[in-house]
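Predicted, not measured: the structure shown is a model, and the values here were computed from it. In listed order, ligands and their atoms are each counted from 1.
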Amino acid sequence: MLERILIKNTLNQTGEKVKIAGRVGARRDHGKLAFIDLIDCSGILQVVLKEAEDLRLNDVIAIEGIINKRPENMINKEIETGGIEMQAEKIEILNKADTTPFELNTDGHEVNEEIRLKYRYLDLRRNRLQKNFKIRHQITRFIRNFLSERDFTEIETPLLTKSTPEGARDYVVPSRLQPGKFYALPQSPQQYKQLLMVAGFEKYFQIAKCFRDEDTRGDRQPEFTQLDMEMSFVGQEEVMKLNEELVIETIKNVYPDKKFLQLPFPRISYKEAMEKYGTDRPDLRKDKNNQNELAFCWVVDFPFFEKDKGLNPDGSPKWTFTHNPFSAAAPGWHEKLMKKKDIEKIIAAQYDIVLNGFEIGGGSIRNHKPEALKKVLEIIGLKEKDIEENFGHMLKALAFGAPPHGGIAFGLDRFIAILQNEPNIREVIAFPKTGDGRDLMMNAPSEITKEQLKELGQL
Ligand code: ASP
């Protein structure tokens, strides 16, 4: 009995008898001879069959046969195994396949996306998507190693958590054991990562799922992935420096052909970005068609607060935070924050990282003293009771000797989509949802039974 080997390993087996397994990717009949392309996770190999077996596209088979050099005029330079082929001796059909609803040998852009998503497991077989996920894996592996080598600890934080007003709408999950109460799915691990700093970890990261229940708007997904990070005893400079190095090293390693427009990444203040480019995520590329050009920049010095709709009962303006209620004021602005003076002028210790006109990440130095966080919450109009209910745990935790800390989070899907020159993040998410939040393959969201609803106290 031969053991199955991967197709990529047939390259050094010329003259040997081996066994491979995979699915039929193409079939060409030439009189008495038939050729098939066998595809496995490592590559593709031409197999010569003596008699035309009843093999159809996507049938899953195992084949034993001899690996031969191809005649000179038959060499296919396009594929790695183009210089060899297998002469089949024994074929075992492991599973027959139905006809697929669309072609798998193309890049798939020509296929209606709803159909692609309904049969995503087939869509994912195409070369382009296989590549996207292999590269995605290379990127996350590189990031994990890079951070691990620098003493970061990867820590998972809960998905069933508490609803806090952080900017977007929460997804909520009813609790069966605590009737009438709800968990919220995290919009980001923001509070947990800060609590890990209180816990003394000093350097944390996580490749974290985040959930935001937003209306259909552009290229967003209800759940997406962040590279989330937090560090103790650092200032803005250190967080930016480490992350700039992380980004550069990742790209140099995974994409040796990409070019950086400018190194180190230019830094632009929010004011300058708005005045010069009319946006806080400027696209600095000169030639926007050049697929391998990467124009990074940092945008800094954001206003902490902006006016919200409406007025307070006493006629004073309502304020909301522009980025993150947990941010600290930039150096020099702390006094104003504590005195709640010149609110519109206060600058946050916030930094965003922009790539080719997309904000791919952002973070800040945080308020590590409870009284400063409390001031922010007061400025955005929260009453004592709301502060206690929603943020009491944070204020308490900071009071137990929280170290100064700050962090950042990258939208990993967006970052990878840009690097892969993909038009949207769905192309780098294995099982994405439609713009209106449906999973067409699993048919979610869907109704649940009356019994389930009753158990959850929803009926
Ligand atoms: N939690 C923030 C966000 O999701 C990022 C950060 O400040 O670290 O946008």
Electrostatic pair [X]-[Y], nearest N-O below 4.0 angstrom:
| X | Y | result |
| --- | --- | --- |
| Arg136 | Asp413 | yes |
| Lys383 | Asp386 | no |
| Glu293 | Lys258 | no |
| Glu378 | Lys340 | yes |

Which bit of Ala409 is near ligand 1, meaning a heavy atom under 4.0 Å away: side chain, backbone, both or neither?
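For Ala409, backbone and side-chain atoms both sit under 4.0 Å from ligand 1.
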Is it the side chain, the backbone, both or neither of Met229 that has a heavy atom closer than 4.0 Å to ligand 1?
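Near ligand 1, Met229 shows nothing, with every heavy atom at 4.0 Å or more.
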With a cut-off of 4.0 Å, which atoms of ligand 1 are near a heavy atom of [X]?
| X | answer |
| --- | --- |
| Lys193 | 6 (C), 8 (O) |
| Ser188 | 1 (N), 4 (O) |
| Ile408 | 8 (O) |
| Arg366 | 6 (C), 7 (O), 8 (O) |
| Gly363 | 6 (C), 7 (O) |

Whether [X] lies under 4.0 Å from ligand 1, heavy atom:
| X | value |
| --- | --- |
| Gln226 | yes |
| Arg212 | yes |
| Gln191 | no |

Does Asn324 reach ligand 1 with a nitrogen or oxygen that is under 3.5 Å from one of the ligand's nitrogen or oxygen atoms?
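Among all N and O atoms of Asn324, at least one is under 3.5 Å from an N or O of ligand 1.
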Return yes or no for this condition: an N or O of Gln187 is under 3.5 Å from an N or O of ligand 1.
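No; the residue has no nitrogen or oxygen that sits under 3.5 Å from a nitrogen or oxygen of the ligand.
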In a check of side-chain hydrogen bond (donor to acceptor under 3.5 Å, both in side chains) between His405 and each of Gln194, Glu202, His368, Arg366, which one passes?
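The option that passes is Gln194.
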For the backbone of Cys210 and the side chain of Gln226, can you confirm whether one donor and one acceptor N or O come within less than 3.5 Å of each other?
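No, the answer is negative, given that no donor and acceptor are paired below the 3.5 Å cut-off.
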Close side-chain approach of Phe102 to Asp123, heavy-atom, < 4.5 Å:
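Yes. Closest side-chain heavy atoms under 4.5 Å.
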Would you say the ring centers of Tyr192 and Tyr204 fall short of 6.0 Å from each other?
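So the answer is no for these two rings.
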